[in-house]
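Below, chain A is the first sequence line, B the second, and so on; all start at residue 1.
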Number of protein chains: 2
Amino acid sequence: MSPRHTAAEAARTRQTILDCAVELASVHGVGGVSAGDIAARTGLSRAGVIGPFGTMDELRLAVLAVAASVFAEQVWQPVSGLPAGLPRLSAAVEAWVSYLGRRVFPGGCLMTTASIEFDALEGPVSDQARAMIDGWRTVLAADTEVAIRAGELDPSTDPDQVAFELYGIAMALNQAVVLLHDAAAPARARAAAARLLSNPPKPGPASETRGDPTDD
Amino acid sequence: MSPRHTAAEAARTRQTILDCAVELASVHGVGGVSAGDIAARTGLSRAGVIGPFGTMDELRLAVLAVAASVFAEQVWQPVSGLPAGLPRLSAAVEAWVSYLGRRVFPGGCLMTTASIEFDALEGPVSDQARAMIDGWRTVLAADTEVAIRAGELDPSTDPDQVAFELYGIAMALNQAVVLLHDAAAPARARAAAARLLSNPPKPGPASETRGDPTDD
DNA sequence: CCTACCGATCGGTAGG
DNA sequence: CCTACCGATCGGTAGG
């Protein structure tokens, strides 16, 4: 505990630790975050770093929660008010590309890093990483399905296939930006995503589905 | 040194260490390989593990060399004799998908893992990881360029864009197999790659390039 | 390729 | 939120 300090000061200390830990995690991996590293960068003692979280694993779970909330704030919140379906899906992809291109985390997107880092491991930290990725893929697939039903995408489109491919584009972009320092990568990602999402229904014979715009 | 043993025995010991290290690296990351872990699994002492390599970093470089040679053996060697261009590119992608689907490394493709693990780090180990990935992208782009010149792909095709997207498909596949245990993932990857590589030249007016099959 | 060590660092606890 | 510890493990070396 911190007998000499107010609750507000304790909360600020906690946030200082988390900010530092998130930065380290994006570079060294979530499992590569150590109390000693954070202590050296924040001026706290190692015990002062671990204290507010109890154990390092709890601190790592908190790091993933921060990563998820930053991702939501940067990618999903700006577009969540748009109409469900293709408009929102396209805008989300654009926000995603922009987020990765801006390199919000110095070592690349923490969600991507964590998904590779924990893919073969088990435990609460890897469970949370898995849930984050699965949740985002579900969001992408759901809006794809709405787009299909609204007649914005061809009925032969497979929502899970779209989510699969969008994730691949994002991972390739993350790698190109962070590993290869390729400034052209965001444009490549936009081109790939645009081709994937420009698959309007083919106007075959008697192909009028539903949602006639003249309806009332 | 190993005064009581022949050179052949020393080489076998070295291989035992490497095999174990590669397996651990695919699960815990190349940086997550420790001498103690390998010692416990092989029955050797920690000093016996480090000895043949000098330092752990040298051992890690050897792990990456094994990963590269396994990748070459599984993906490139089977197709390297095919005609350059689209036939070889398509066969390489199929071999790549098959390799990832078979989960040759228990924790997923070491090249993919290493590319994320080291993307923001510097040093000889990350340099070697970078060179592996860059080399493979170059191979993919080169065969794409041959395919364009041979009239197998539309001239508007960008070889680096194709390499970028193929890498994304492979990363998405690796993630789907190892993290999400999605048995349908290889089929998804094949569908995505097929769409990417089925872009024949458009027969516009006077669009006959060169390489007329009736030539002699 | 072993034992026996080295200093450094790990996560975590006790007590203030 | 600090100091002062705990046992365990890290990479690496010496010497046989």
If you measure only the distance, is there a donor-acceptor pair under 3.5 Å linking the side chains of B:Ser156 and B:Asp154?
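A pair is found: one side chain offers a donor N or O, the other an acceptor, under 3.5 Å apart.
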Looking at residues 23-39 of chain A, who's got a heavy atom less than 4.0 Å off DNA chain C?
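Residues of residues 23-39 of chain A that come under 4.0 Å of DNA chain C are, in numerical order, A:Val33, A:Ser34, A:Ala35, A:Gly36.
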Rounded off to whole Å, could you give me the CD1-to-C1' distance for the B:Ile50 and D:dT9 pair?
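Interatomic distance, CD1 of B:Ile50 to C1' of D:dT9: 12 Å.
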Kindly state whether the ring of B:Trp76 and the ring of B:Trp96 have centres lying under 6.0 angstrom apart.
no
Can A:Leu59 and A:Ile50 be said to form a side chain to side chain contact (heavy atoms under 4.5 Å, CB included), step by step?
CA-CA 8 Å; A:Leu59 194 160; A:Ile50 298 174; over 6 Å; no
Set of residues satisfying salt bridge (Lys or Arg N to Asp or Glu O under 4.0 Å) with respect to A:Arg46, sequence neighbours excluded
none
With sequence neighbours left out, the residues meeting salt bridge (Lys or Arg N to Asp or Glu O under 4.0 Å) with A:Arg88 are A:Asp143
Please pick, from D:dC2, C:dC2, C:dG12, the nucleotide with the shortest atom-to-atom distance to any side-chain atom of A:Leu44.
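Nearest listed nucleotide: D:dC2.
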Among the nucleotides D:dT3, C:dG12, C:dT3, whichever has the atom closest to the side chain of A:Ser45 is D:dT3
Among B:Leu18, B:Val33, B:Thr16, B:Asp19, which residue satisfies the side chain to side chain contact (heavy atoms under 4.5 Å, CB included) criterion with B:Ile38?
B:Val33
Residues A:Arg137, A:Asp134: salt bridge by 4.0 Å N-O rule:
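Looking at A:Arg137 and A:Asp134, the cut-off is not met.
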B:Asp158 with A:Arg188: basic N within carboxylate O range, under 4.0 Å
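Result for this pair is yes, salt bridge flagged.
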On DNA chain C, more 5' by nearest nucleotide between B:Arg46 and B:Ile17 is B:Ile17
Represent DNA chain D in dot-bracket notation, 5' to 3'. Only Watson-Crick or G-U wobble pairs with both distances under 3.5 Å count; pseudoknot-style crossings use [ ] and interstrand partners use |.
||||||||||||||||
Contact list please: residues 52-67 of chain A against DNA chain D, heavy atoms, distance less than 4.0 Å, in numerical order.
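Within residues 52-67 of chain A, no residue comes under 4.0 Å of DNA chain D.
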Taking only residues two or more places apart in sequence, or in another chain, which ones meet B:Tyr99 in a ring pair (Phe, Tyr, Trp, His ring centres under 6.0 Å)?
B:Phe71
Checking A:Gln128, A:Arg130, A:Glu122 against A:Ser126 for side-chain hydrogen bond (donor to acceptor under 3.5 Å, both in side chains), the one that qualifies is A:Arg130
